[in-house]
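Worksheet for the structure shown next.
The basis for the numbers below is simple: all heavy atoms, side chains too, and nothing from hydrogens, waters or symmetry mates.
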Amino acid sequence: MDTNLHVYNSLSAKKEKFEPIKAPFVGMYVCGPTVYSYVHLGNCRTFISFDLIYRYLLHLGYKVRYVRNITDAGHLENDADEGEDKISKKARLEAVEPMEIVQKYTLDFHEVLDKFNNLPPNIEPTATGHIVEQIDMIQDIINEGFAYEVNGSVYFDVETYNAKFGNEYGKLSGRKIDELMAGTRDLDGQSEKRSPVDFALWKKASPTHIMRWNSPWSVGFPGWHLECSVMSSKYLGDSFDIHGGGMDLKFPHHECEIAQCKAANHQDPVKYWMHTNMLTLNGARMSKSTGNTLLPNELFTGNNDKLEKAFSPIVVRFFMMQAHYRSPLDFSSDALMAAEKGYLRLMGALNDLEELKPAETTTAFDLEEWKSKCYAAMDDDFNTPILIAHLFEAVKFIKAAKDGKASIAATDKAALQELLNAFVFDILGLEKEEQQASGDDELVDGLMKTIIDLRLDARQRKDYATSDRIRDHLQNLNIVLKDSKEGTSWEKE
RNA sequence: GGUCUCGUGGCCGAGUGGCUAGGCAGUGGUCUGCAAAACCUCGUACAGCGGUUCGAAUCCGCUCGAGACCUCCA
């Protein structure tokens, strides 16, 4: 199959034509969350970005296997000998089993991504479920001569690897070994590592370390970067199409993944590396230490001191889609409120389209040209902001048709509906928001209908004192009446 | 300190050598008893300085400012 999709490859720092290794199959691996606390919004942006990418690949007809791991063990807290992994540290603090922590936050993670309308990946492997495979890969790397054991721990020998593979370590992130050495010299105490740039494949567990497994070298746990190499190659092969993650993982995590895979399998594991950009909050980086953080549920409920009001997951998703995945994006009340209005306008136009009466011919809109512009935007490295700009062109046309200033033929109407549904719901992954104020309470709906009817009577009698009184009193309750030709609707502010 | 990215109109945010992105806000208008809502109209911005070019927001250099990575981080 042939498509015109181009993707930005971090490895070449260029947009490249997307040609899967074995079309129509596409293997995509995305680095998932470490489940030791609630998933935060920055994480969500990354996964929403890759959800978009997944959805568009599916839309184009690719048979995608999307693998996203759950890191439930192994990421070291620090580089010191007494290093412990994040899961076990948290477990001790809360006096529960590590897997209890893992379960709690995994459930939260799934719940939040579901609210954002993310499709689940095809495989969601866990690090603790692949200890055996990780041990095997370490053994392979040792056998190939790129790792060494010290006191029960195993380290990757970066310099030997680099000598063998033409100074490739750093090719993804643009690092040079010499510079890295210079930068790390002062941090290097009496490490077991031969070189400061080496990294752990297996760590011997200290007596207090809870999560531990048997291995040929010691009772311990796997190193930081190994799980992704192991699980991606297990489920997608030694060489696959797309590997993604946040750009903060580029170095060292992804760099180390390349080295591990290449050391074990002698081939580049990934054809297209894709990295998403960071999310900031009120102009500053999200950080727990400064308190500038926001959890998804705090955003949805409005229960936070960072933003002026609550925002629904779908509005947030739309907001994210208005920026390109490789650009940084800032969360603020003003920006989100603007997105909310735009989203409502788009959704309103979709409803308007359904109700349009078809005419003989279509005027003032070139459907074919519009369609190809939409696809061109998505084909250009998933440029959703441009796509959305084109969607608003269609909105404008729909409004004009509704006003009788343009017309649409029946076949074009059906085609436009189909395309808009594809772009808005299938690809961007938006959905119609559930009824907000009205609809959730029959009693309130009934009462409101009575009040609105009474006001209508008063207006017809030209008793504006009464009709305005009704309107003002409702306004005081934060209920806004909206008059239109079709009648009066209401909304809670 | 090293490596790198970025600085676009009131706000958000695309674009990247010549041709109005888009959304929100704002302006003026239509509608309305009045308003709100809705719909229509309008807006010539690209940090500063210098250079390349017939032509630069777009390329090059410098200055200023912001951010990322270099340590766990999506």
Side-chain angles (χ1 to χ4, degrees), chain A residues 13 30-34 36-37 39-50 68 71 75-80 83 85-86 170 173-176 178-180 182-184 186-187 197 224 244-253 255 275-280 283-288 318-319 321-324 326-343 345-346 348 352 373 377 380 383-393 395-396 399-400 402-403 405 459-460 462-465 467-468 471-472 475 480-486 488-491:
Chain A
V30 173
C31 288
T34 305
Y36 69 106
S37 66
V39 63
H40 74 267
L41 276 169
N43 283 302
C44 292
R45 186 190 183 198
T46 294
F47 302 129
I48 290 169
S49 295
F50 282 104
R68 186 184 63 210
T71 297
H75 275 210
L76 282 171
E77 182 102 295
N78 56 49
D79 195 25
D85 74 43
K86 284 179 173 175
S173 54
R175 313 283 155 142
K176 292 194 173 60
D178 305 348
E179 289 162 0
L180 289 169
T184 52
D186 53 336
L187 294 172
V197 293
W224 333 338
M247 71 187 331
D248 49 347
L249 293 184
K250 226 171 170 181
F251 187 89
H253 185 59
E255 202 69 69
H275 292 97
T276 58
N277 215 315
M278 300 289 109
L279 186 72
T280 55
R285 171 194 167 80
M286 285 200 205
S287 147
K288 277 179 192 160
F318 178 75
F319 172 68
M321 293 293 158
Q322 279 190 305
H324 188 86
R326 280 191 290 112
S327 296
L329 178 64
D330 184 55
F331 252 59
S332 66
S333 288
D334 287 350
L336 282 161
M337 282 194 271
E340 185 169 54
K341 295 210 171 156
Y343 162 81
R345 189 170 139 85
L346 177 61
D352 290 342
K373 281 196 294 187
D380 184 13
N383 198 323
T384 51
I386 295 285
L387 171 66
I388 289 172
H390 294 323
L391 294 182
F392 276 102
E393 274 177 35
V395 168
K396 212 168 175 182
K399 298 292 185 190
K402 193 187 176 193
D403 274 6
K405 290 172 190 157
R459 291 179 68 198
Q460 282 168 348
K462 296 199 191 302
D463 177 6
Y464 297 123
S467 68
D468 288 352
R471 188 170 70 196
D472 292 347
Q475 176 76 62
V480 182
L481 294 180
K482 293 178 178 177
D483 297 326
S484 73
K485 280 173 187 151
E486 291 81 38
T488 301
S489 63
W490 63 279
E491 205 169 80

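Using a 4.0 Å heavy-atom cutoff across all strands shown, A:Leu346 reaches no nucleic acid atom at all. Contact annotation for A:Lys373: no contact, since no heavy-atom pair falls under 4.0 Å across all strands. Residue contacts for A:Phe392: at a heavy-atom cut-off of 4.0 Å it reaches the sugar-phosphate backbone alone, with no base atom in range. Using a 4.0 Å heavy-atom distance criterion, A:Gly348 is classed as making no nucleic acid contact. Base engagement by A:Gly42 is indicated by at least one non-hydrogen atom pair under 4.0 Å involving a base atom. Looking at heavy-atom distances under 4.0 Å, A:Lys462 makes no contact with the nucleic acid at all.
Residues A:Phe251 and A:Met337 each lie close to RNA chain B; by heavy-atom proximity, the contact nearer the 5' end of the strand is made by A:Met337. When the nearest nucleotides of RNA chain B are assigned to A:Asp403 and A:Thr276 by heavy-atom distance, the more 5′-ward of the two goes with A:Asp403.
Residue A:Arg471 places a side-chain atom within donor-acceptor reach of the base of B:C34, judged by atom type and a 3.5 Å distance cut-off alone. Under 3.5 Å, the side chain of A:Asp483 and the base of B:A35 form at least one donor-acceptor pair of N or O atoms.
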Could you list all N or O pairs between the protein and nucleotides 12-21 of chain B that sit under 3.5 Å apart?
| residue | atom | partner | partner atom | Å |
| --- | --- | --- | --- | --- |
| B:G13 | OP1 | A:Asp330 | N | 3.4 |
| B:G13 | O2' | A:Gln322 | O | 3.3 |
| B:A14 | OP1 | A:His324 | N | 2.7 |
| B:A14 | OP1 | A:Ser327 | OG | 3.0 |
| B:G15 | OP1 | A:Asn383 | ND2 | 3.2 |

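An OP1 or OP2 oxygen of B:C39 is reached within less than 4.0 angstrom by a side-chain nitrogen or oxygen of A:Lys399. For the OP1/OP2 pair of B:A38 and a distance below 4.0 Å, the side-chain nitrogens and oxygens of A:Arg345 include no atom meeting the criterion.
Rounded to the nearest 0.5 angstrom, A:Phe318 CZ and A:Leu336 CG are separated by 11.5 Å.
Partners of A:Phe251 according to the ring pair (Phe, Tyr, Trp, His ring centres under 6.0 Å) rule, which considers only residues two or more places apart in sequence or in another chain, do not exist here. Looking at residues two or more places apart in sequence or on another chain, you find no ring pair (Phe, Tyr, Trp, His ring centres under 6.0 Å) involving A:Phe50. Residues meeting the side chain to side chain contact (heavy atoms under 4.5 Å, CB included) test with A:Asp463, sequence neighbours left out: A:Ala458, A:Arg461, A:Ala465, A:Thr466. Shown here are the side-chain hydrogen bond (donor to acceptor under 3.5 Å, both in side chains) partners of A:Lys482, two or more places apart in sequence or in another chain: A:Glu491.
B:U30 and B:A36 have their C1' atoms separated by 15 Å, given to the nearest Å. Comparing the C1' positions of B:C4 and B:U27 gives a spacing of 43 Å, expressed to the nearest Å. Comparing B:G17 with B:G51, their C1' atoms are spaced 15 Å from each other, to the whole Å. Rounded to the nearest Å, the gap between the C1' atom of B:G13 and that of B:C70 is 30 Å.
The backbone N or O of A:Leu481 sits nowhere less than 3.5 Å from a side-chain atom of A:Ser489 that would complete a donor-acceptor pair. Using a distance-only test at 3.5 Å, with no hydrogens or angles considered, no donor-acceptor pair links the side chain of A:Asp380 to the main chain of A:Asn383. At distances below 3.5 Å, at least one donor-acceptor pair connects side-chain atoms of A:Glu255 with backbone N or O atoms of A:Ser173.
Across A:Thr276 and A:Ser49, no two heavy atoms sit closer than the pair CG2-CB, 3.6 Å. Of all the heavy atoms in A:Arg45 and A:Met278, the pair that sits closest is NH1-O, 3.0 Å.
Among the nucleotides B:G2, B:A74, B:G22, the one closest to any side-chain atom of A:Arg175 is B:G2. Listed candidates were B:A36, B:C40, B:C34. Nearest to the side chain of A:Lys405 is B:C40. With B:C70, B:G33, B:G23 as the choices, the nucleotide that has an atom nearest any side-chain atom of A:Pro252 turns out to be B:C70.
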Wobble G-U and Watson-Crick pairs count when both distances are under 3.5 Å; given that, what is the 5' to 3' dot-bracket string of RNA chain B, with | for pairing to other strands? (((((((..(((.....[...))).(.(((.......))).)....(((((..]....))))))))))))....
